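I have placed the structure first, in the form of structure tokens, so that the comments after it can refer back to it.
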Amino acid sequence: MSPDPLGIALIGGGFMASVHSRAARAAGARIIGVTSSTPQRSRDAAERVGTDRAFDDVDALLADPAVDVVHVATPNATHHALTVRALAAGKHVVCEKPLATTVVDAVDLEQRATAAGVVAAVPFVYRFHPMVREARARVASGQVGQLFSVQGAYLQDWLLAARDDNWRVSTEQGGASRAFADIGSHLCDLLEFVTGERLVRLQAVTRMVFAERASTGPVSTEDLAGVLAQTGGGAVVSLLVSQVAPGRKNGLVLEVHGAIESLRFEQERPEELWIGRRTGSELQLRNTDELHPDAARLSVLPPGHPLGYQDAFTAFAADTYAAVRGAASEGLPVFADGVRAARITEAVLASAASGAWIDL
Ligand SMILES: NC(=O)c1ccc[n+]([C@@H]2O[C@H](COP(=O)([O-])OP(=O)(O)OC[C@H]3O[C@@H](n4cnc5c(N)ncnc54)[C@H](O)[C@@H]3O)[C@@H](O)[C@H]2O)c1
């Protein structure tokens, strides 16, 4: 007989609360309730995510014994304090990226989670596209060969005009880094996940296009960042991250070049992996029976029925809940990965400020 569904609760009632709630349901969990920044917003959020229970505040949510896993989906600067409380209440935690706005706070959360002995995951969900797993398996099996170079980008345009604004623009709510912490963190996680190599040093240039934005007022967070880096294996890496690239919506692209072949994954075309060769380049489609086992595991619909971002989120939630039940989850992004992203983000800002190469 299958065990009772896990009970999950959401802190935050915005865009990601909806994504998390759909993923949690599809992964077999029961949504116990939600809380947001005020009791009224909590009620609105409960209606939006389709749950009866709006907790008036975080204390009420954490006091409910039916809640096994707390999902923190609030503005970045609140992650540390909320997650400290959830861990102290003995809950398993999914905390959104960036895990914290400083390395010190991210390390603190990782240590508290380890001491609590709970599952503590960060939704670096692009890891859960089957074709990303396929790329990772090809690198690991030696099919790509020694890595020479990596090119990556994460480009958006939703902050293109000075009138565009959001809490992410504010240092107080979003943290010292904006574009890089927000989306560069996904890109670097994906790069290290697929290549199995770590960035060991980097140099960065950042640019702020507007000194003021509509409601934030004076701005000090970057709109874009360019990064030159090197991996432990010697691969040369170039990355561009921007929230002011006209026409680009969620242009996350990772291309790796090895001695034998190249691989290219584009988040907006997640059913494909381009395999480049001097002769015989091909576009590999998600044909489940042609994939490496870890990619085939996540290929939950027959080819031709496209899987996308929400499906990747569901796979992340399913693996998180499996880990809560004691299963080993291959490639689950955990708080240590959140710390890693925070370290790279701080190095990017430090290099941009000093002009120096920074060792990681
Ligand atoms: N993993 C991903 O793919 C992904 C994608 C988008 C956003 N995110 C992350 O998710 C988080 C939330 O982003 P979003 O786009 O949903 O933002 P949002 O602005 O749409 O929603 C934030 C919500 O948090 C609530 N809130 C604010 N302070 C709170 C507090 N102290 N207690 C409880 N609720 C509070 C707000 O009322 C709002 O409902 C961010 O950290 C962001 O970086 C992750």
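Starting from 1, each residue takes its place in the sequence as its number. All values reported here derive from a predicted model rather than from experimental measurement. Just the heavy atoms: all of them, side chains too, but no hydrogens, waters or symmetry mates, feed the values below. Each ligand, and each atom within it, is numbered from 1 in the order the structure gives.
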Query raised in the report: Can you say whether the rings of H186 and Y154 are parallel (under 30°), tilted (30 to 60°) or perpendicular (over 60°)?
Result: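 Plane angle between 30° and 60°, so tilted.
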Query raised in the report: Is it true that R136 and E330 make a salt bridge, defined as a side-chain N closer than 4.0 Å to a carboxylate O?
Result: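 Counted as a salt bridge, because a side-chain N and a carboxylate O are separated by less than 4.0 Å.
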Query - Carboxylate-amine/guanidinium contact D319 R297, below 4.0 Å - result: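 Between R297 and D319 there is a salt bridge, with a charged N closer than 4.0 Å to a carboxylate O.
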Query raised in the report: Does F124 approach ligand 1 within less than 4.0 angstrom via side chain, backbone, both or neither, non-hydrogen atoms only?
Result: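 Within the 4.0 Å criterion, F124 makes no contact with ligand 1.
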Report task. Using a 4.0 Å heavy-atom cut-off, say whether I11 meets ligand 1 through its side chain, its backbone, both or neither. Result ->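 Side chain only; the backbone of I11 stays clear of ligand 1.
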Which residue and atom name correspond to the protein heavy atom nearest [atom], and how close is it?
atom                    : result
atom 21 (O) of ligand 1 : G14 CA, 3.3 Å
atom 35 (C) of ligand 1 : T74 CG2, 3.6 Å
atom 19 (O) of ligand 1 : W167 NE1, 2.8 Å
atom 41 (O) of ligand 1 : N76 OD1, 2.7 Å
atom 3 (O) of ligand 1  : Y309 OH, 2.7 Å

Please report whether ligand 1 has a polar contact with [X], defined as an N or O pair separated by less than 3.5 Å (distance criterion only).
X    : value
F15  : yes
T35  : no
S37  : yes
V125 : no
M16  : yes

Query raised in the report: Taking the six-membered ring of F313, is NZ or CZ of R22 closer than 6.0 Å to its centre and within 45° of its axis?
Result: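 No.
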Query raised in the report: Within 45° of the ring axis of F128 and under 6.0 Å from its six-membered ring centre, is that where the NZ or CZ of R133 lies?
Result: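 Yes; both conditions hold, so R133 lies above the ring face of F128.
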Query raised in the report: Can you tell which of R138, R278, Q143 makes a side-chain hydrogen bond (donor to acceptor under 3.5 Å, both in side chains) with E261?
Result: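 For E261, the side-chain hydrogen bond (donor to acceptor under 3.5 Å, both in side chains) check succeeds only for R138.
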